[in-house]
Amino acid sequence: MRVDRCDFSGFKVYPSRGKVYVRGDSKTFRFLNSKSESLFLQRKNPRKIAWTQVYRRMHKKGITEEVAKKRSRKNVKVQRGIVGADLASILAKRTAKPEVRAAARQAAITKAKTEKRDKEASKATNKGGAQVPKVSKQSMKGGAGKGGR
């Protein structure tokens, strides 16, 4: 027993069922019923008609028992060093206790303050020496002595 497929709907066409349509270029089309034939002759697209097999295949209908759910890969977090700090130093800073961190911060602050104080003191000693009178850029270029036009 030969079972054909409907060229429009995709359903099985058993012997003594359906219609055969022969086009002008001698191509034959088998249809399950007159409904399929009518829609084909109206040039309807079977992909847009909800009850056809082509539509159901395109829109993934009725294949739930067949397809197992795809496994999604979990992202693995990797720790890496960044520019100016390698991974070991980053981990050491992270695991340091808050007291140690506070002490290091205070030490850094006092060091910065002493450096600033020393710099200001050295500036003050340099200022006490011979002072050079300030000269404007215009006069340096030699434009002050000339007059107008």
Side-chain angles (χ1 to χ4, degrees), residues 1-14 18 21 23 25 27-33 35-149:
M1 182 172 80
R2 185 173 165 207
V3 178
D4 293 317
R5 288 271 170 195
C6 173
D7 283 316
F8 186 81
S9 64
F11 293 127
K12 291 178 182 173
V13 180
Y14 288 96
Y21 173 75
R23 205 163 53 186
D25 61 351
K27 183 160 174 30
T28 59
F29 296 95
R30 289 192 185 281
F31 300 112
L32 177 62
N33 50 19
K35 176 182 175 181
S36 299
E37 182 188 17
S38 172
L39 290 167
F40 176 80
L41 293 174
Q42 292 173 46
R43 297 180 173 271
K44 298 287 184 192
N45 190 346
R47 291 180 193 88
K48 292 184 179 177
I49 295 173
W51 53 268
T52 61
Q53 288 297 314
V54 182
Y55 176 93
R56 292 181 67 77
R57 203 173 303 124
M58 254 184 68
H59 293 85
K60 297 182 174 68
K61 306 286 182 191
I63 52 171
T64 52
E65 71 281 326
E66 185 180 307
V67 177
K69 190 178 178 189
K70 288 184 181 177
R71 288 188 181 187
S72 59
R73 287 176 47 172
K74 281 202 168 179
N75 292 338
V76 180
K77 286 193 175 181
V78 178
Q79 291 183 330
R80 294 188 295 178
I82 56 173
V83 176
D86 60 327
L87 183 62
S89 64
I90 292 171
L91 291 175
K93 283 181 183 175
R94 188 181 293 167
T95 56
K97 292 210 167 37
E99 300 86 35
V100 176
R101 206 176 291 151
R105 185 168 177 263
Q106 280 297 335
I109 289 171
T110 53
K111 182 182 173 193
K113 282 183 178 176
T114 54
E115 283 179 2
K116 188 177 180 184
R117 210 174 295 125
D118 292 343
K119 193 183 252 184
E120 285 178 1
S122 64
K123 238 187 211 178
T125 56
N126 289 346
K127 221 178 204 183
Q131 287 189 353
V132 180
K134 288 187 177 178
V135 183
S136 68
K137 285 186 178 179
Q138 202 65 32
S139 60
M140 283 180 120
K141 290 180 180 176
K146 295 179 179 171
R149 292 183 183 201

Participant: Report the distance from atom CZ of Phe31 to atom OG of Ser9, rounding to the nearest 0.5 Å.
Facilitator: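 Result: 9.5 Å between the selected atoms.
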Participant: Would Arg30 and Asp7 pass as an ion pair if we require N to O under 4.0 Å?
Facilitator: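 Not counted as a salt bridge, because no side-chain N and carboxylate O are separated by less than 4.0 Å.
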Participant: What pair of heavy atoms forms the shortest contact from Pro46 to Val54, and how long is it?
Facilitator: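 For Pro46 versus Val54, the nearest heavy atoms are O-CB, 4.5 Å.
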Participant: Does a salt bridge link Arg23 with Asp25, judged by any charged N lying under 4.0 Å from a carboxylate O?
Facilitator: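 Looking at Asp25 together with Arg23, the answer is yes, because their closest N to O distance falls below 4.0 Å.
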Participant: Could you measure the distance from the CG atom of Asn75 to the CZ atom of Arg73? Nearest 0.5 Å is fine.
Facilitator: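 Going from CG on Asn75 over to CZ on Arg73, the span is 8.5 Å.
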Participant: Do Lys116 and Thr114 pass the side-chain contact (heavy atoms from CB on, under 4.5 Å) test, and can you show the C-alpha distance, the side-chain angles, and the key distance before you say yes or no?
Facilitator: CA-CA 5 Å; Lys116 188 177 180 184; Thr114 54; over 6 Å; no
Participant: Give, for atom OG1 of Thr52 and atom CG of Asn45, the distance between the pair rounded to the nearest 0.5 Å.
Facilitator: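 Here the rounded value is 8.5 Å.
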Participant: Is there a donor-acceptor pair under 3.5 Å between the side chain of Asn33 and the backbone N or O of Ser36?
Facilitator: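 At least one qualifying donor-acceptor pair exists.
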Participant: Compare every heavy atom of Trp51 with every heavy atom of Lys35, then report the nearest pair and how far apart it is.
Facilitator: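 The answer is CE-CZ2, 3.4 Å.
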Participant: Sort and list the pairs that fulfil side chain to side chain donor-acceptor pair (under 3.5 Å) and have at least one residue in residues 88-100, not counting sequence neighbours.
Facilitator: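 Of all non-adjacent pairs touching residues 88-100, those that pass side chain to side chain donor-acceptor pair (under 3.5 Å) are Asp86-Ser89.
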Participant: Provide the closest heavy-atom pair for Lys12 versus Val3 in the form atom of the first, atom of the second, distance.
Facilitator: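 Of all heavy-atom pairs spanning Lys12 and Val3, the closest is CB-CG1, 3.7 Å.
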Participant: Would you say the side chains of Gln42 and Ser38 form a donor-acceptor pair under 3.5 Å?
Facilitator: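 Gln42 vs Ser38: donor-acceptor pair found between side chains.
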Participant: Between Lys74 and Val76, is any pair of side-chain heavy atoms under 4.5 Å apart?
Facilitator: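 A side-chain contact under 4.5 Å is absent here.
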Participant: Tyr55: which residues meet the ring pair (Phe, Tyr, Trp, His ring centres under 6.0 Å) condition with it, sequence neighbours left out?
Facilitator: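 Partners of Tyr55 under the ring pair (Phe, Tyr, Trp, His ring centres under 6.0 Å) test: His59.
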Participant: Evaluate whether atom CZ of Arg101 has more than 12 neighbouring non-hydrogen atoms of other residues, nucleotides or ligands under 6.0 angstrom away.
Facilitator: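 Yes, enclosed.
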Participant: As an exercise, state the distance from CD of Glu115 to OG1 of Thr110, rounded to the nearest 0.5 Å.
Facilitator: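 Going from the CD atom of Glu115 to the OG1 atom of Thr110 covers 10.0 Å.
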Participant: Taking the side chain as every heavy atom from C-beta outward, state whether Arg5 and Phe11 have any pair of such atoms under 4.5 Å apart.
Facilitator: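 No. Closest side-chain heavy atoms not under 4.5 Å.
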Participant: What's the shortest heavy-atom distance between Phe8 and Ile49, and which atoms?
Facilitator: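 In terms of heavy atoms, the two residues are closest at CZ-CD1, 3.5 Å.
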Participant: Below 30° counts as parallel, above 60° as perpendicular, anything between as tilted: where do the rings of Tyr21 and Phe40 land?
Facilitator: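 If you compare the ring of Tyr21 with that of Phe40, the planes turn out perpendicular.
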